[in-house]
Structures are given as structure tokens and as C-alpha cells.
Amino acid sequence: MKARLQQISFLILAVFIICAVLPIRASASFEISGVCQVQADDGVADMVKTLDYGYAHNTYLSLRDIAMLLKNTEKSFSLEVTQNAVSLIMGEEYTPVGTEHAPWESDENLDISLRRNGFEVNGQKALYYTLIMKLSSGDYDCFMTTTDLAMLLDVDITASFDYSLQIHTKEPFCISPEDLEQSGYFGGVNSVLVGDATTGKIYYRYQADRPYPIASTSKLMTCLLAMDAVAAGQITFEDVITISDAVELLAASDDGVVPLEAGNEITVEDLLFGILLPSSNECALCLAESIAGSEEGFVRMMNQKAQELGLSQAVFFNSHGLPSYTEEPIPVKRQNRMSAEDMFRLVSYLLKVYPQVTDITSLKETTLESIDFEVKNSNPLLYNLPGVTGLKTGTTNKAGACLVTSLTADGGETDHDLIVIVLGAEDSMERGRVSGLLARYALYAFYEGMEEPETGASAPALPIHAEAAVDRIIREAKNR
């Protein structure tokens, strides 16, 4: 199996070398226009317009040129592009606008914004970072990375020895993390881990035993303790919590997400939704105070729970994951830390004790009814990959962009929860791209089988009453 994977010239390397066909040029702060040769497996080949964003070899391909190239293949798609939105429908015939495969009219650098433009695939919202530019004909074209394009179309893209690209429409998307590691791809993140939370098997890990700041993925521990409190009868989801001055202060800061004012009230249920979907720091603090009486007391509970679960690299300073300062004359800046292996143990335990939590984290949006406030899920993979069920994003300057992803795989008699952990990506764009790559690899590893998979540490015994403790909140979540 490994031999097969290693034989695949995966698309990430293609991204790095594609621009070797372009004229030698200095890097620029704007978008550099160029072309490369792309061939489909039906033998049709043509030049495709490219844009290098910010750095040489950071290449984006013209969707109109690719659509024209794949017009008569199994991966054909129709395309509509406006000034800030894209609509792509798989399986439909592309209607040319006359600019496909035409050369660039100027060699000058372009000034186009890379952003999360509106993007729909088969009428469903997707989240990709793209470049949209207006052509001389008055039409618009969209430019997308080779990586995102291959994942979107589920095709294998390889680079030949003459540095042209081949799109194998009959071969599904596939990568080898080991090859990516050798090429230096994971040098842009702190650590990654891919595994099966149901069985404990680990399919791939990179620097997974080293502790790093984890930002708002800390809230998974906060969620676990909240579920434990409900299961123990300490609190209920219907309980109404009075918002404290400290919570209002955090809500009013630059890190505020949900507008909470001191003296007002919010339910425990809405606090949990606020934590897991928009990653509300003030909701985490409010929940911590309600459970332990103070955040200091809650942090002691977090660290105690970490010890119980065998999370040897974990240390918590607060309930939400923001930087925490000491009260000394020269304050020390601290952040919650954990290794990817510890995060895998935490998530595996959480999903085994409270499997219904993914019914919350898989919601794209909901309303916090007690304060009449709409919130949206911050997890981009919910939109781009079927089967994704959560779990949590997180970002600080020190931690970088982090994402813990869960997705469901059909194991026959029972479903399995596959987990992808990415800590310390450069930004949210790379966080989503690396997580998307490894999520697809997780599915491949699960269904195709891996040689000698590693086994994670066994989790502590599960409370037998835990699964029934959150039935009502899940029913309401589905109704919303």
C-alpha cells in the first residue's frame, strides 16, 4: 500500500514546481501572471493562465481554462464567475466565453485581492480562498490553487519531468503524508496527527509529541468539563446564568465574539453553543464561572482532568485559550499548551463519552435563543468535505492557526470518528488546506487500510450514564 502511495506524484509538489515553465523573474508583492501547460488524460493539452500570489511558485490556475480543458471528460463542470462570486456545477458542460487559453495581454504585475470570495459547488456553499479578476472581454475569471482544485474535483494531478501538469480524471485525489514531510510541506506547521478515535489507530504524525500553544482548541476541554457537570447533575442546560463584570469586560474587548452584558442572563445551553460554534471566549469564561465559581477554580479542574486522562504535555491557564498574563510587576505571558498526541487522547475520550457533541459541532449556524443572537460555525471544512462533523478552530499569534477536525467513516457495523489535528499553521487559509489534505488522507487510510498502524494510549473508563446526559440539547440542536 505504501509503495502505491509513494508512486503517486502528488499535487503539492506540482504546486512548488509548476512555475518552472515560466520565465525567470524576481518575486513581487503583487500577482505575477504566467502560463503553464496542462494535459487531461484524454490527450487534450493546452496552456493555462496562472497567477503567482505574492511569492513565486505560489500558483493559482485559471478555472475557465481548466473548465475548457476538462469539457469532454468525466470531470467536466459548468462555471459562472461574477465580480465576487463563483458558481460551479459538476457534470454539466462548460460554456466558453472566448477567453479560454488566450495569452495574457500584458506582462505587468496585477493587483488583485486573494480572499474568500463567494463560492458554490452544486448549489451548496463552499469556502475557498481565490483570486477573481475582470478580463478584457468584460467577463470574470477565477484562479484557484492546484491543491484546492484537485481536492474539489477529486482528481489526481501530477507533474511530469518537463514540469507540465497532467490531470488524471479517472484517478481519485490521493496524497502520501510521508512524501509531503520529505518535501518540507509540514515545515509550515507546528505539528499534525491523523488517526481513528474509535480504535486509537494513528495513521500519521509529525512532531506530535511536542507541546505547542493550542489557542481556542482549549475549549474542547471546557466542553468536556461542562458535559461532565451536566452528567453529574451539577448543572442543567436550562440553568440561567447571570453574566459577570469579568465576562462583560472580555466580551467588550477585541477578542469578544458574543455581546454579553453584566447583569443579563444566558442559559448554559447557549453558552455551550457559543463555545463550540463561533468560539466565544466570553461564553467559555461565563461557563467556567458557573461550574467552578471562578475561572481559577475551573482551571484547576482542567489540569486535574488532563492528569486523569494521561495528557502528560497539557497545561491550562484559562478556559478559552487566549494569552494569559500574570499579575507580577513584569507580567509573564502564558498560553494553554498541549501536544497533538494529547489532543488526540482528549478528543477520543470526548467523542466516546459524549458522541452527541458532533451533532452540535456539525451545525453551520444556530441562534442563541436566550439572548436572540445568531452565530456561525468557524470550521471551514464543514463546507468543503462531506462527512465532517467538527470539531474546533483556534488562533492566536503564538499558537498560529489550529484546527481539530472530526469526520465520520462507515465501518460497516459501526461508524468511526476519524481525527485530523493541525497545530500552528501560518494562517487560516493554510490551516484549512492542510486539514483538508489530511482529512482526505484519513479516509483513504481508513478504507484502504494501512500497514502496521500505531495504537494510541487507552482511555480511562467511561461513565455509563454519560451518553444519556445530553439527549435534550441534541434534540434542540437538530430542531434549530
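Counting from 1, the numbers follow the sequence of the chain as shown.
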Legend entry - Contact summary for Ile175 and Leu437, nearest pair of heavy atoms: CD1-O, 3.7 Å

Legend entry - For Thr95, side-chain contact (heavy atoms from CB on, under 4.5 Å) partners two or more places apart: none

Inset, instruction - Ignoring hydrogens and angles, tell me if any N or O in the side chain of Asp427 forms a donor-acceptor pair with the backbone of Ala401 under 3.5 Å. - result: no

Inset, instruction - With sequence neighbours excluded, tell me which residues meet side-chain contact (heavy atoms from CB on, under 4.5 Å) with Asp209. - result: Glu341

Inset, instruction - Indicate yes or no for a side-chain donor-acceptor contact from Ser87 to the backbone of Glu120 under 3.5 Å, with no hydrogens or angles considered. - result: no

Inset, instruction - Would you indicate whether the side-chain heavy atoms of Val194 and Ile202 approach each other to under 4.5 Å? - result: no

Inset, instruction - For Ser435, enumerate each residue passing the side-chain hydrogen bond (donor to acceptor under 3.5 Å, both in side chains) test, keeping only those at least two apart in sequence or located in another chain. - result: none

Inset, instruction - Measure the spacing between OG1 of Thr82 and CG of Asn84 and express it to the nearest 0.5 Å. - result: 5.0 Å

Legend entry - Side-chain donor or acceptor of Thr73 paired with backbone N/O of Leu70 under 3.5 Å: yes

Inset, instruction - Report the C-alpha distance between Ser164 and Gln166 in whole Å, list the side-chain angles of each, state the deciding distance to 0.1 Å, and finish with yes or no for side-chain hydrogen bond (donor to acceptor under 3.5 Å, both in side chains). - result: CA-CA 7 Å; Ser164 61; Gln166 288 80 43; 3.2 Å; yes

Inset, instruction - Grab the two heavy atoms, one from Leu69 and one from His101, that are nearest each other, plus how far apart they are. - result: N-NE2, 4.1 Å

Inset, instruction - Evaluate side chain to side chain contact (heavy atoms under 4.5 Å, CB included) for Thr130 paired with Phe119, printing each intermediate quantity in order. - result: CA-CA 9 Å; Thr130 57; Phe119 207 106; 4.1 Å; yes

Inset, instruction - Identify, with sequence neighbours excluded, every residue that meets side-chain hydrogen bond (donor to acceptor under 3.5 Å, both in side chains) alongside Thr222. - result: none

Legend entry - Heavy-atom side-chain contact between Ile167 and Ile66 under 4.5 Å: yes

Legend entry - Expected output: side-chain Asp342 to main-chain Gln313 donor-acceptor under 3.5 Å: yes

Inset, instruction - For Thr99 and Leu135, work out which heavy atoms get closest and say how close. - result: OG1-CD1, 3.2 Å

Inset, instruction - Answer yes or no: is there a side-chain heavy-atom contact under 4.5 Å between Tyr203 and Leu193? - result: no

Legend entry - side-chain contact (heavy atoms from CB on, under 4.5 Å) involving Asp41 - partner list, sequence neighbours excluded: His168, Thr169, Lys170

Inset, instruction - Could you grab the distance from atom CE of Met343 to atom OG of Ser191, nearest 0.5 Å is fine? - result: 9.0 Å

Legend entry - Under 3.5 Å donor-acceptor, Asp141 side chain and Ser62 backbone: no

Legend entry - Donor-acceptor pair, side chain of Lys219 and main chain of His320, under 3.5 angstrom: yes

Inset, instruction - Can you measure from CG (Leu149) to CG (Leu63) and round to the nearest 0.5 angstrom? - result: 6.5 Å

Inset, instruction - Determine whether the side chains of Asn379 and Lys364 contain a donor N or O and an acceptor N or O closer than 3.5 Å. - result: no

Inset, instruction - Could you check if a side-chain atom of Asp46 sits within less than 4.5 angstrom of a side-chain atom of Gln37, using non-hydrogen atoms only? - result: no

Inset, instruction - Can you sort out the partners of Glu100 under side-chain hydrogen bond (donor to acceptor under 3.5 Å, both in side chains), two or more places apart, ordered by chain and number? - result: Tyr94

Inset, instruction - May I ask you to decide if Tyr53's main-chain N or O and Asn58's side chain share a donor-acceptor pair within less than 3.5 Å? - result: yes

Legend entry - Note, Tyr60 side chain near Leu114 side chain (heavy atom, < 4.5 Å): yes

Inset, instruction - With the side chain counted from C-beta on, respond yes when Leu61 and Cys36 share a heavy-atom pair under 4.5 Å apart, and no when they do not. - result: yes

Inset, instruction - Without swapping roles, check the side chain of Asp196 against the backbone of Lys201 for a donor-acceptor pair under 3.5 Å. - result: no

Inset, instruction - Kindly give the heavy-atom pair with the smallest separation between Cys402 and Pro213, and that separation in Å. - result: SG-O, 4.1 Å

Inset, instruction - Please round to the nearest 0.5 Å and tell me the distance separating atom CZ of Arg337 and atom CZ of Phe316. - result: 12.5 Å

Inset, instruction - Determine the minimum heavy-atom distance between Ser216 and Asn281, stating which atoms define it. - result: OG-OD1, 3.8 Å

Legend entry - Results of salt bridge (Lys or Arg N to Asp or Glu O under 4.0 Å) for Glu93 - residues two or more places apart only: Lys71

Inset, instruction - Report the distance from atom CG of Leu271 to atom CG of Leu276, rounding to the nearest 0.5 Å. - result: 11.0 Å

Inset, instruction - Show the numbers, then the answer: is there a side-chain hydrogen bond (donor to acceptor under 3.5 Å, both in side chains) between Glu92 and Ser78? - result: CA-CA 5 Å; Glu92 289 195 354; Ser78 63; 3.1 Å; yes

Inset, instruction - Carefully, step by step, assess Tyr441 and Leu443 under the rule side chain to side chain contact (heavy atoms under 4.5 Å, CB included). - result: CA-CA 5 Å; Tyr441 171 74; Leu443 292 169; over 6 Å; no

Inset, instruction - Show the numbers, then the answer: is there a side chain to side chain contact (heavy atoms under 4.5 Å, CB included) between Leu127 and Leu382? - result: CA-CA 9 Å; Leu127 297 179; Leu382 287 173; over 6 Å; no

Inset, instruction - Determine yes or no for a side-chain-to-main-chain donor-acceptor pair under 3.5 angstrom, with Thr414 supplying the side chain and Gly411 the backbone. - result: no

Inset, instruction - Compare every heavy atom of Lys49 with every heavy atom of Val35, then report the nearest pair and how far apart it is. - result: CG1-CA, 4.2 Å

Legend entry - Where at least one partner belongs to residues 381-409, residue pairs that pass side chain to side chain donor-acceptor pair (under 3.5 Å), sequence neighbours excluded: Ser279-Lys392, Gln335-Thr396, Ser378-Thr393, Thr389-Ser406, Thr395-Arg431

Inset, instruction - List in chain and number order the residues that pass salt bridge (Lys or Arg N to Asp or Glu O under 4.0 Å) with Lys305, two or more places apart in sequence or in another chain; answer none if no residue qualifies. - result: Asp228, Glu308

Inset, instruction - Could I get the full list of salt bridge (Lys or Arg N to Asp or Glu O under 4.0 Å) partners for Glu80, not counting sequence neighbours? - result: none

Inset, instruction - Please tell me if the side chains of Val434 and Tyr185 come closer than 4.5 Å, counting only heavy atoms from C-beta onward. - result: yes

Inset, instruction - Evaluate the ring planes of Phe446 and His416, with Trp represented by its six-membered ring, and classify them as parallel (under 30°), tilted (30 to 60°) or perpendicular (over 60°). - result: tilted

Inset, instruction - Output every pair passing salt bridge (charged side-chain N to carboxylate O under 4.0 Å, His left out) with a member in residues 412-424, not counting sequence neighbours, ordered by first then second residue. - result: none

Legend entry - Side-chain heavy-atom pair Ser362, Val388 within 4.5 angstrom cut-off: no

Legend entry - Separation between CG of Leu309 and CG of Leu224, rounded to the nearest 0.5 Å: 6.5 Å

Legend entry - By side-chain hydrogen bond (donor to acceptor under 3.5 Å, both in side chains) - contacts of Tyr128 (at least two apart): none

Inset, instruction - Return yes if some donor-acceptor pair links the side-chain N/O of Asp179 with the main-chain N/O of Ser183 below 3.5 Å, else return no. - result: no

Inset, instruction - Take Phe186 and Tyr204, measure what ring-ring contact (aromatic ring centres under 6.0 Å, His included) needs, and give me the verdict at the end. - result: CA-CA 12 Å; Phe186 295 122; Tyr204 176 75; 5.6 Å; yes

